Amino acid sequence: MDAASRHVVSEASPRLGREDFARRTVGGARRLLGCVLCHRVGGTTLRGRIVEVEAYTDDAASHAANGKRTPRNGVMFGPAGIAYVYFTYGMHHCFNVVTETVGRPGAVLIRGLDGITHAAGPALVCRALHLTRRDTGRDIVTDPDLWIEAGHRHRGERIVRTTRIGIRHAAELPLRFYLLGSPGVSKRDRRAEALLAD
DNA sequence: CACACGATGCGCT
DNA sequence: GCGCATCGTGTGG
């Protein structure tokens, strides 16, 4: 291919595939940082660059704590790449993508977006991209209107690793990741940021 | 069937 | 910093 078409190809962000989700949850969470969550609703595509995520497997804070399966959390035990959107606090929705393999629960919670659609906090993410509990079960890999595009972290952009937000159990586990300096991050951890090597 | 509460955000102080 | 809005979900009776 010539230089011009190579340029075009490089501008088209490839859609993430099954293999990007069918992996351990922590790796999958980090993988999603810098990628672009896309939801086409009506004639427009709502987009946001993922800048904050959390990993949930079968730890005490997870909906699938202790590997216990319920009607709500069932999709967490299914194939990777499926959307899991739950409703909480009587008014908020939170969007996750299922990870791991069938029978092993896992999901990445998207907590913050940058870009055209700016949202700091998981409920704001869902509000901004018009995602609700009804979107649970949609396949991020094949759905024509819901997908994630590969992104790039610009040179030198650092990942901060710290604890998850708003949980009571397993609060000490460092399973939240965010891109340093992004406005879409819901809560910064100055201490963790200070520990980053130069 | 009743009930307690949450992977939250916002407005007010 | 604090309290509230508001209801699906899970647990226990």
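Order of the sequence lines sets the chain letters (A, B, ...), proteins ahead of strands, with each chain counted from 1. The structure displayed is predicted, hence computed values, not measured ones.
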**OP:** Between B/dG9, B/dG6, B/dA7, spot the one nearest the side chain of A/Arg168, thanks.
**Re:** B/dG6
**OP:** On DNA chain C, check which nucleotide each of A/Met91 and A/Thr70 is closest to and give me the residue with the more 5' one.
**Re:** A/Met91
Original post:
Between C/dG3 and B/dC5, how far is it from one C1' atom to the other, in whole Å?
Top reply: 16 Å
**OP:** Mind calculating the distance between NE2 (A/His93) and P (B/dG6) to the nearest angstrom?
**Re:** 19 Å
Original post:
How many Å lie between CD1 on A/Ile167 and C1' on B/dT8, as a whole number?
Top reply: 14 Å
Subject >> Interatomic distance, A/His63 NE2 vs B/dC5 P [rounded to whole Å] >> reply: 16 Å
Original post:
To the nearest Å, how far apart are A/Phe177 CZ and B/dA7 C1'?
Top reply: 15 Å
**OP:** Apply side-chain contact (heavy atoms from CB on, under 4.5 Å) to A/Asp189 and A/Tyr178, showing your working.
**Re:** CA-CA 10 Å; A/Asp189 180 344; A/Tyr178 66 87; 3.9 Å; yes
Original post:
Between A/Arg111 and B/dT8, is there a side-chain N or O to OP1/OP2 distance below 4.0 Å?
Top reply: yes
Original post:
Looking across every strand, which nucleic acid part, if any, lies under 4.0 Å from A/Tyr89 by heavy atom: base, sugar-phosphate, or nothing?
Top reply: base
Subject >> Counterpart residues, salt bridge (Lys or Arg N to Asp or Glu O under 4.0 Å), relative to A/Asp20 (two or more places apart) >> reply: A/Arg31
**OP:** For A/Ala61, report the nucleic acid contact type (base, sugar-phosphate, nothing); a contact means any heavy atom under 4.0 Å.
**Re:** base
Subject >> Check: A/Phe21 main-chain N/O paired with A/Thr99 side-chain donor or acceptor under 3.5 Å >> reply: no
**OP:** Could you check A/Leu180 against A/Glu193 for side-chain contact (heavy atoms from CB on, under 4.5 Å), going step by step and ending with a plain yes or no?
**Re:** CA-CA 8 Å; A/Leu180 181 62; A/Glu193 292 181 11; 3.3 Å; yes
Original post:
For A/Arg176, which contact category applies under a 4.0 Å heavy-atom criterion: base, sugar-phosphate, or nothing?
Top reply: nothing
**OP:** Give a yes or no answer on whether the side chain of A/Thr117 reaches the backbone of A/Arg47 with a donor-acceptor pair at less than 3.5 Å.
**Re:** yes
Original post:
Using Watson-Crick pairs (N1 to N3, plus N6-O4 or O6-N4) and G-U wobble pairs, both distances under 3.5 Å, which stems of at least 3 pairs involve DNA chain B?
Top reply: B:1-6 with C:7-12, B:8-12 with C:1-5
Subject >> A/Asp139 side chain to A/Val141 backbone, donor-acceptor under 3.5 Å >> reply: yes
**OP:** Identify whether any heavy atom of A/Arg164 sits under 4.0 Å from a base atom; if not, whether one sits that close to sugar-phosphate; answer base, sugar-phosphate or nothing.
**Re:** nothing
Original post:
Can you tell me how far P of B/dC5 sits from CZ of A/Arg72, to the nearest Å?
Top reply: 15 Å
Original post:
Atom CD1 of A/Ile50 and atom CZ of A/Arg111: how far apart are they, to the nearest 0.5 Å?
Top reply: 13.5 Å
**OP:** Send over the distance from A/Asp58 CG to B/dA7 P, rounded to a whole Å.
**Re:** 16 Å
**OP:** May I have the distance from A/His92 (atom NE2) to B/dC10 (atom P), rounded to whole angstrom?
**Re:** 7 Å
Original post:
Does A/Leu179 offer a backbone N or O that forms a donor-acceptor pair with the side chain of A/Glu52 under 3.5 Å?
Top reply: no
Subject >> chain A footprint on DNA chain C, 5' to 3' - any atom under 4.0 Å from a heavy atom >> reply: C/dA5 to C/dT11
Original post:
Considering the options A/Thr142, A/Thr136, A/Asp135, which one meets the side-chain hydrogen bond (donor to acceptor under 3.5 Å, both in side chains) requirement together with A/Arg138?
Top reply: A/Asp135
Original post:
Base, sugar-phosphate, or nothing: which does A/Leu109 touch, judged by heavy atoms less than 4.0 Å apart?
Top reply: base
Original post:
Does A/Asp59 come within less than 4.0 Å of A/Arg164, counting only side-chain N to carboxylate O?
Top reply: yes
Original post:
Under 4.0 angstrom, heavy atoms only, what part of the nucleic acid is A/Lys187 near: base, sugar-phosphate, or nothing?
Top reply: nothing
